[in-house]
Amino acid sequence: MIEIGTQVDLLHPADRVWRAVTDPELLGRWFADAEPVPGRPDRWRLRTAGLSGFDTDTDVECVDRRTPELIVVRCREGTRDSLLTCSVTPTEAGCRVLVREAVEHGDWPAGQGAGREECYRQALAGRLPALLDWLAFRQVDLRRDSAAPTAVLPAALMADVGRPPARRRRATGGVGLGVVMLALGLTGWALSRGGPPADPGAVPVVPVPGSTAAPGPTRSTATARPAPTPTPSGSATPSRTPSATPSRRAPSPTATGPLDARYETVSTRLFGYTGEVVVDNPGGAPTPDWTVRVTLPRGSSAAAVSGADWRQDGQSVTFTGPAVPAGGSQVIRFDVRTADPVTKAPTGCTVDERPCAGL
């Protein structure tokens with residue numbers, strides 16, 4: 001039996017995550033649109049055509065559901081059947097989401113399983129946290145001081161996120177700088193997904209197959225394999241992750257010297273961002289040993305690291321990995337979760353004690 005799987009640790013409570021993976025409207029905002037099959041309340045169609053690892057849209061049927069911890073659906077994609085399991089397990093910091101899919105009938109062509117797993121991983125580690133941040137933002141009480149009444153975020157603020165900056169400032173002038181910054185942080189994500197769900201008030205739970213929609217999977221670059229071992233966010237213990245394939249360029253046989261590194265923030269969300277460090281070897285021989293240290297803002301934690309082994313001690317995250325070939329590069333990518341909606345980059349970065357470019 002061919003099985004793929006991926007998981008992610010999230011800094012959100014299990015009930016919020018369960019809602020995001022079973023509410024069809026929310027599912028469509030971080031993975032794929034879910035449409036009910038007429039006359040079959042336990043069946044849905046996921047609009048997966050065009051996603052990595054998928055040939056066509058997928059029909060899903062709920063076969064087991066235990067709220068708020070487990071949902072199992074049978075997926076039919078053309079002539080292929082598979083069984084997909086999504087579990088949500090509470091952790092000390094939030095919860096862990098594990099997605100596994102096993103082929104029951106048919107097979108995945110070479111490379112399709114890996115592409116499908118990557119699709120699941122990227123959705124869980126990238127777009128799902130952005131949606132959860134948005135849901136958490138709607139539940140935040142904004143108080144000016146302990147004696148003042150709770151300030152309710154105006155509905156006009158959420159309706160205004162697509163306006164030009166000058167008009168947006170006029171609409172939010174009475175809310176305060178903190179609220180404005182949080183709203184601006186939502187703008188990119190809200191616009192890319194067509195805006196927040198309807199009804200800016202409390203969103204009711206919408207039934208999915210067998211009462212709720214099938215969970216959305218996630219994206220991952222690993223080859224088809226059994227479900228991976230947990231990689232907790234902010235762990236002080238080294239976590240093994242697949243090494244990114246080094247990019248190759250023509251080596252310079254006469255060039256010698258230390259490694260170079262450059263940092264870039266590749267994406268942002270309300271309470272976090274995704275960072276990338278590219279380690280370059282300009283020399284004419286492979287460099288087997290290297291260390292990249294990234295200093296995060298206070299209260300931040302790293303997760304979903306690819307391209308290196310890593311550990312976090314306080315604000316410092318240490319990355320090590322395979323030899324960098326002559327004239328080649330090693331790409332390290334990682335997610336950062338933070339309570340600060342403004343800071344969108346580390347405060348420091350070095351490779352073998354030399355500063356990285358870009359900071």
Side-chain angles (χ1 to χ4, degrees), residues 3-24 26-27 29-31 34 60 62-75 82-102 116-136 139 205-220 222 225-242 269 271-272 300-306 310-312 334-339:
E3 181 175 297
I4 61 174
T6 190
Q7 69 180 26
V8 63
D9 285 3
L10 301 168
L11 300 179
H12 288 272
D15 58 345
R16 181 181 299 148
V17 176
W18 176 260
R19 176 183 164 197
V21 301
T22 58
D23 182 319
L26 298 180
L27 183 65
R29 294 185 176 275
W30 67 271
F31 179 64
V60 298
C62 181
V63 296
D64 190 14
R65 180 176 180 271
R66 297 195 292 272
T67 305
E69 59 187 36
L70 178 73
I71 186 166
V72 182
V73 296
R74 179 164 283 108
C75 304
S82 60
L83 198 66
L84 185 144
T85 302
C86 177
S87 62
V88 181
T89 306
T91 62
E92 184 176 347
C95 69
R96 174 172 297 151
V97 179
L98 172 63
V99 170
R100 297 193 307 270
E101 186 174 14
R116 198 178 186 102
E117 193 176 61
E118 169 66 5
C119 176
Y120 293 164
R121 192 198 71 81
Q122 290 186 11
L124 281 183
R127 293 190 299 276
L128 176 58
L131 174 67
L132 294 170
D133 289 344
W134 183 83
L135 292 174
Q139 298 173 1
V205 175
V206 180
V208 291
S211 278
T212 32
T218 86
R219 314 186 181 223
S220 166
R225 65 179 189 281
T229 55
T231 304
S233 172
S235 171
T237 304
S239 301
R240 300 290 301 179
T241 60
R269 49 191 176 271
F271 293 112
S300 301
S301 60
V305 177
S306 64
W310 69 287
R311 69 177 185 274
Q312 180 168 352
F334 53 94
D335 289 340
V336 177
R337 309 289 292 159
T338 176

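- Across all non-hydrogen atoms, the minimal contact from Leu131 to Leu26 is CD2-O, 3.7 Å.
- Side-chain contact between Trp18 and Ile71 is present, with heavy atoms from C-beta onward closer than 4.5 Å.
- Contact record, Ala125 with Pro129: O-CG, 3.4 Å, taken as the closest heavy-atom pair.
- Closest approach of Pro68 to Val88, counting heavy atoms only: O-CB, 3.9 Å.
- A distance of 12.5 Å separates CD in Glu69 from SG in Cys95, rounded to the nearest 0.5 Å.
- Side-chain contact between Leu98 and Thr89 is absent, with no heavy-atom pair separated by less than 4.5 Å.
- Proximity of a side-chain donor or acceptor of Trp30 to a complementary backbone N or O of Ala20 within less than 3.5 Å is detected.
- The two atoms that bring Arg116 and Ser82 nearest to each other are NH2-OG, 4.4 Å, heavy atoms only.
- Here the side chains of Glu117 and Val99 are not in contact, with every heavy-atom distance at 4.5 Å or above.
- You'll find the side chain of Leu83 reaches within 4.5 Å of the side chain of Val63, heavy atoms only.
- In plain terms, the two heavy atoms of Thr91 and Arg96 that are nearest each other are CG2-N, 3.8 Å.
- The shortest distance between side-chain heavy atoms of Val8 and Thr6 does not fall below 4.5 Å.
- The side-chain heavy atoms of Arg19 and Leu135, taken from C-beta on, include a pair separated by under 4.5 Å.
- A search for side-chain contact (heavy atoms from CB on, under 4.5 Å) contacts involving Thr338 returns Ser300, Asp340, not counting sequence neighbours.
- You'll find the side chain of Asp133 reaches within 4.5 Å of the side chain of Arg337, heavy atoms only.
- Contact detail for Ala136 and His12: the closest heavy-atom pair is CB-CE1, 3.9 Å.
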After noting the C-alpha distance and the side-chain angles of Leu10 and Leu128, does the key distance pass the side-chain contact (heavy atoms from CB on, under 4.5 Å) rule?
CA-CA 9 Å; Leu10 301 168; Leu128 176 58; 3.9 Å; yes
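- In terms of the side-chain contact (heavy atoms from CB on, under 4.5 Å) criterion, residue partners of Pro13 (sequence neighbours excluded) are, by chain and number, Asp15, Arg16.
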